[in-house]
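As the structure is a prediction and not an experimental result, all values here were calculated from the model.
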Amino acid sequence: MLTRLRNVWRPSNFHYQHRLARGGGFFEGWYFKLVDAEGNQPYAIIPGVSLGADAHAFIQVLDGRLGNSFYHRFPLESFRADRDAFRIKIADNRFSSEGLSLAIDGTGTAAEQRIVGTLSFSPWRPWPVTTTSPGVMGPYSFVPRMQCNHGILSMDHGIEGNLRVDDRNTVFDAGRGYAEKDWGSGFPAGYVWTQSNHFAEEGVSLSASVAHIPARRARQARRRLIRR
């Protein structure tokens with residue numbers, strides 16, 4: 001319980017540690033946007049877990065240049081997360097605020113894709129976290145039973161290293177990165193999202209999103225919270 005309370009102010013951490021054994025229709029995923037220095041090769045790497053009737057861990061890979069997407073499934077038991085820090089592991093793949101390491105061999109599976117490589121990140125620039133506003137959702141971070149929670153983990157950071165995706169190697173030295181996450185019982189029915197940290201002036205970042213959520217349920221939950 002104490003870890004769950006602390007994680008309200010630590011949006012990058014894994015929130016559903018208590019749900020791993022019980023399941024219950026929850027998901028949690030981390031979104032890493034990776035762009036090389038020239039801006040020619042953008043990737044999005046999304047590790048996460050889906051808890052429910054078909055419980056499993058996953059790593060989704062989106063190639064912005066080719067416009068394709070691959071979904072790599074893993075047994076739920078292959079997922080590990082630190083309780084008090086953002087460090088997660090799915091099989092031989094590791095993710096943290098310091099970087100990521102991928103060793104995916106999808107040969108012979110539904111996702112015919114192989115990825116190997118290691119990237120390191122410069123210090124993240126997270127969305128400010130305060131006592132009364134623990135992240136981009138502000139006071140709504142305290143509302144229980146929100147259908148979907150959102151966190152911006154780093155508006156901008158540097159990247160060093162390389163990734164080999166099938167037969168294509170990309171060097172990310174002096175590249176730019178962005179990281180966010182979502183967790184909850186279901187993804188919004190509809191949403192609009194945009195983000196960029198590639199501007200002429202270094203350090204400038206933009207992120208905006210609008211989503212349709214069951215607001216009535218959220219208001220009822222907020223009223224219950226206030227009454228307590």
Side-chain angles (χ1 to χ4, degrees), residues 7 10-17 27-50 56-66 68-106 109 111 113-127 150-183 195-198 205 207:
N7 281 345
R10 300 171 181 174
S12 61
N13 289 8
F14 179 49
H15 285 66
Y16 290 134
Q17 193 79 243
F27 77 94
E28 188 156 356
W30 294 258
Y31 175 97
F32 293 86
K33 179 185 173 186
L34 315 167
V35 184
D36 66 322
E38 292 76 26
N40 295 326
Q41 180 58 75
Y43 283 111
I45 311 293
I46 310 172
V49 290
S50 176
H56 63 279
F58 63 85
I59 300 176
Q60 188 174 8
V61 181
L62 293 85
D63 187 325
R65 185 166 76 101
L66 298 180
N68 57 27
S69 173
F70 291 85
Y71 190 87
H72 301 274
R73 292 173 61 101
F74 298 85
L76 185 61
E77 310 82 66
S78 69
F79 177 83
R80 294 288 183 273
D82 283 15
R83 288 185 176 275
D84 296 310
F86 171 47
R87 283 186 293 270
I88 63 173
K89 179 178 180 290
I90 300 176
D92 295 324
N93 306 277
R94 293 173 170 80
F95 307 86
S96 73
S97 59
E98 287 78 39
L100 60 82
S101 177
L102 297 175
I104 300 174
D105 186 355
T109 70
Q113 185 184 54
R114 300 182 66 185
I115 308 177
V116 293
T118 300
L119 302 178
S120 59
F121 304 146
S122 65
W124 281 12
R125 297 177 180 175
W127 188 275
H150 183 65
I152 293 180
L153 312 184
S154 176
M155 292 291 289
D156 182 52
H157 54 266
I159 309 175
E160 299 289 329
N162 73 288
L163 288 180
R164 177 172 289 277
V165 180
D166 295 326
D167 60 352
R168 188 169 76 253
N169 184 66
T170 302
V171 176
F172 284 91
D173 294 350
R176 307 309 304 169
Y178 167 86
E180 65 176 33
K181 70 175 294 189
D182 292 284
W183 68 100
Q195 182 277 327
S196 179
N197 51 7
H198 280 70
S205 304
S207 181

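Residues Thr118 and Ser101 approach most closely at OG1-OG, 3.5 Å, considering heavy atoms. Closest approach of Trp183 and Gly151 over heavy atoms only: CZ3-N, 3.9 Å.
Every pair tested for salt bridge (Lys or Arg N to Asp or Glu O under 4.0 Å) that includes a residue from residues 36-45 fails, sequence neighbours excluded, so the list is empty.
Checking side-chain atoms of Asp63 against main-chain N and O of Arg65 turns up a donor-acceptor pair under 3.5 Å. Side chain of Glu28 to backbone of Ser50: no donor-acceptor contact under 3.5 angstrom is found. Using a distance-only test at 3.5 Å, with no hydrogens or angles considered, a donor-acceptor pair links the side chain of Trp30 to the main chain of Ser12.
Judged as a ring-ring contact (aromatic ring centres under 6.0 Å, His included), and not counting sequence neighbours, the contacts of Phe95 are Phe32. Contacts of Tyr31 classified as side chain to side chain donor-acceptor pair (under 3.5 Å), with partners at least two apart in sequence or in another chain: none. A search for side chain to side chain donor-acceptor pair (under 3.5 Å) contacts involving Asp173 returns nothing, not counting sequence neighbours. Not a single side chain to side chain donor-acceptor pair (under 3.5 Å) links Lys89 to another residue, sequence neighbours left out. Listed by chain and number, the residues in a side chain to side chain donor-acceptor pair (under 3.5 Å) with His56 are Tyr71 (sequence neighbours excluded). Shown here are the salt bridge (charged side-chain N to carboxylate O under 4.0 Å, His left out) partners of Arg114, two or more places apart in sequence or in another chain: Asp105. Legend: residues meeting ring-ring contact (aromatic ring centres under 6.0 Å, His included) with Phe27, ordered by chain and number and at least two apart, are Phe187. Partners of His157 according to the ring-ring contact (aromatic ring centres under 6.0 Å, His included) rule, which considers only residues two or more places apart in sequence or in another chain, are Phe121, Trp124. With sequence neighbours excluded, no residue forms a salt bridge (charged side-chain N to carboxylate O under 4.0 Å, His left out) with Arg94. In terms of the salt bridge (charged side-chain N to carboxylate O under 4.0 Å, His left out) criterion, Asp182 has no residue partners (sequence neighbours excluded). With sequence neighbours excluded, no residue satisfies salt bridge (charged side-chain N to carboxylate O under 4.0 Å, His left out) with Glu180.
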